[in-house]
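Position 1 is the first residue of the sequence; numbering continues from there.
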Amino acid sequence: MPKTKTERVTISLCPPVDLGGEPGWIPFDAPSLVGESLRFVSGEPDGNRFRARYYRDAEQHLHARIWFGPETEGPPGHAHGGAVAAVMDEALGLAAWAAGYPIVVGNLNVSFRNMLPLQKVVTVESRVISAEGRKVMVHGRIFSGETVYAEAECLCITIPGK
Ligand SMILES: CCCCCCCC(=O)SCCNC(=O)CCNC(=O)[C@H](O)C(C)(C)COP(=O)(O)OP(=O)(O)OC[C@H]1O[C@@H](n2cnc3c(N)ncnc32)[C@H](O)[C@@H]1OP(=O)(O)O
């Protein structure tokens, strides 16, 4: 019988990143609003996948600083499209929750405008565009400086009874 070998896998964490907001942004306590729903993107704040921090501005619009770590890689050195979509799903869904609508995402339309380099802190901005009946439309984009990496339209549907 072959001997079993115990292998120790060492995962080295990337160094801390600055997820600080703009002047006038107030940190937004997303977990206290939606808890575990944020695990996929925001669940490992010191890990190598995503690092995220949420804020609201004076007009109550939700913003996020997001770092795409090496575990989000798709094309070499750049974020996977699904990783970008996951951030849009969480951030725009959360924007609806933060505006007072208990929702799930029914439809998410993402346009990938530029390849997003790994280990870069980018900003997500969001706007609740409309709310009619159970349908809440949220728009958002991921950008850094003048470069827009992705834009999204997110149709959120309120959950009856919430
Ligand atoms: C938690 C906050 C931070 C994290 C956010 C994370 C967000 C998520 O990822 S949620 C997970 C991903 N989303 C899901 O799993 C949702 C799965 N889908 C569902 O549960 C259901 O289809 C649901 C709830 C959206 C709608 O079902 P149901 O409650 O039966 O409503 P239904 O009658 O079909 O639709 C209500 C209205 O919305 C419209 N609608 C529903 N889905 C869509 C869609 N995909 N596209 C367009 N319109 C839609 C319907 O046409 C209907 O319109 P109208 O009232 O004018 O007839």
Side-chain angles (χ1 to χ4, degrees), residues 16-47 49-69 71-72 74 79-162:
V17 293
D18 179 4
L19 296 175
E22 301 286 325
W25 288 3
I26 310 286
F28 180 68
D29 184 4
S32 73
L33 181 62
V34 292
E36 292 289 294
S37 298
L38 298 168
R39 240 172 95 189
F40 187 64
V41 172
S42 297
E44 292 174 15
D46 303 312
R49 195 168 67 230
F50 302 101
R51 298 179 190 176
R53 199 172 298 163
Y54 286 99
Y55 299 90
R56 285 212 282 197
D57 63 22
E59 294 169 342
Q60 302 299 304
H61 299 304
L62 190 78
H63 303 261
R65 293 279 203 230
I66 310 267
W67 174 85
F68 285 78
E71 290 177 9
T72 68
H80 191 285
V84 173
V87 165
M88 289 296 201
D89 183 66
E90 176 172 302
L92 304 192
L94 182 62
W97 276 85
Y101 302 102
I103 56 84
V104 289
V105 171
N107 180 270
L108 180 63
N109 183 4
V110 183
S111 298
F112 303 99
R113 299 296 187 195
N114 281 287
M115 294 195 11
L116 198 164
L118 294 179
Q119 303 202 45
K120 182 174 180 65
V121 175
V122 294
T123 303
V124 185
E125 68 174 15
S126 66
R127 289 282 184 284
V128 176
I129 299 295
S130 63
E132 290 163 19
R134 294 180 57 199
K135 298 178 200 168
V136 181
M137 180 59 77
V138 185
H139 288 184
R141 62 178 192 142
I142 299 176
F143 69 97
S144 175
E146 297 294 306
T147 305
V148 175
Y149 295 104
E151 295 173 303
E153 294 149 13
C154 182
L155 176 65
C156 303
I157 309 294
T158 56
I159 311 161
K162 279 267 182 182

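Note that OG1 of T72 is 9.5 Å distant from NE2 of H80, once rounded to the nearest 0.5 Å.
Between V121 and F68, the closest side-chain pair of non-hydrogen atoms is not below 4.5 Å. Side chains of P27 and R53 form no contact here, defined as non-hydrogen atoms less than 4.5 Å apart. Proximity of F50 to W67: side-chain heavy atoms (C-beta onward) are nowhere separated by under 4.5 Å. Between L116 and I142, the closest side-chain pair of non-hydrogen atoms falls below 4.5 Å. The closest side-chain heavy-atom distance from I66 to R51 is not below 4.5 Å. Contact of the S130 side chain with the M137 side chain is registered, since non-hydrogen atoms from C-beta on lie closer than 4.5 Å. Within the 4.5 Å cutoff, no side-chain heavy atoms of V138 are placed close to those of R127. In this structure, S37 and W97 have side chains that are not in contact, with every pair of non-hydrogen atoms separated by 4.5 Å or more.
Considering all non-hydrogen atoms of both residues, Y54 and A30 come closest at CD1-CB, 4.1 Å. Nearest heavy-atom pair, A131 versus Y101, reported as atom, atom and distance to 0.1 Å: CB-OH, 3.4 Å. What you find for V124 and A91 is that their closest heavy atoms are CG1-CB, 3.9 Å. Closest non-hydrogen pair, V128 versus A95, comes out as CG2-O, 4.0 Å. Across A85 and L108, no two heavy atoms sit closer than the pair O-CD2, 3.6 Å.
For H61, the NE2 atom is densely surrounded, since the number of other residues' heavy atoms within 6.0 Å is greater than 12. Annotation for R134: atom CZ counts as buried by contact number, over 12 foreign heavy atoms lying within 6.0 Å.
In this structure, R49 is positioned above the aromatic face of F40, its NZ or CZ under 6.0 Å from the six-membered ring centre and within 45° of the axis.
Between K135 and E132 there is no salt bridge, since no side-chain nitrogen of the basic residue lies less than 4.0 Å from a carboxylate oxygen of the acidic one.
S32 places a side-chain N or O within 3.5 Å of a backbone atom of D29 that can act as its donor or acceptor partner.
In this structure R56 satisfies the side-chain contact (heavy atoms from CB on, under 4.5 Å) test together with F28, Q60, L62, A98, sequence neighbours excluded.
For residues 16-26, the side-chain hydrogen bond (donor to acceptor under 3.5 Å, both in side chains) pairs, not counting sequence neighbours, are E22-R65.
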Side chains of residues 143-161: which donor-acceptor pairs under 3.5 Å do they make with residues two or more places apart or in other chains?
unit_1	atom_1	unit_2	atom_2	d
E151	OE1	R113	NE	2.7
E151	OE1	R113	NH2	3.0

After noting the C-alpha distance and the side-chain angles of E90 and L38, does the key distance pass the side chain to side chain contact (heavy atoms under 4.5 Å, CB included) rule?
-> CA-CA 7 Å; E90 176 172 302; L38 298 168; 3.4 Å; yes

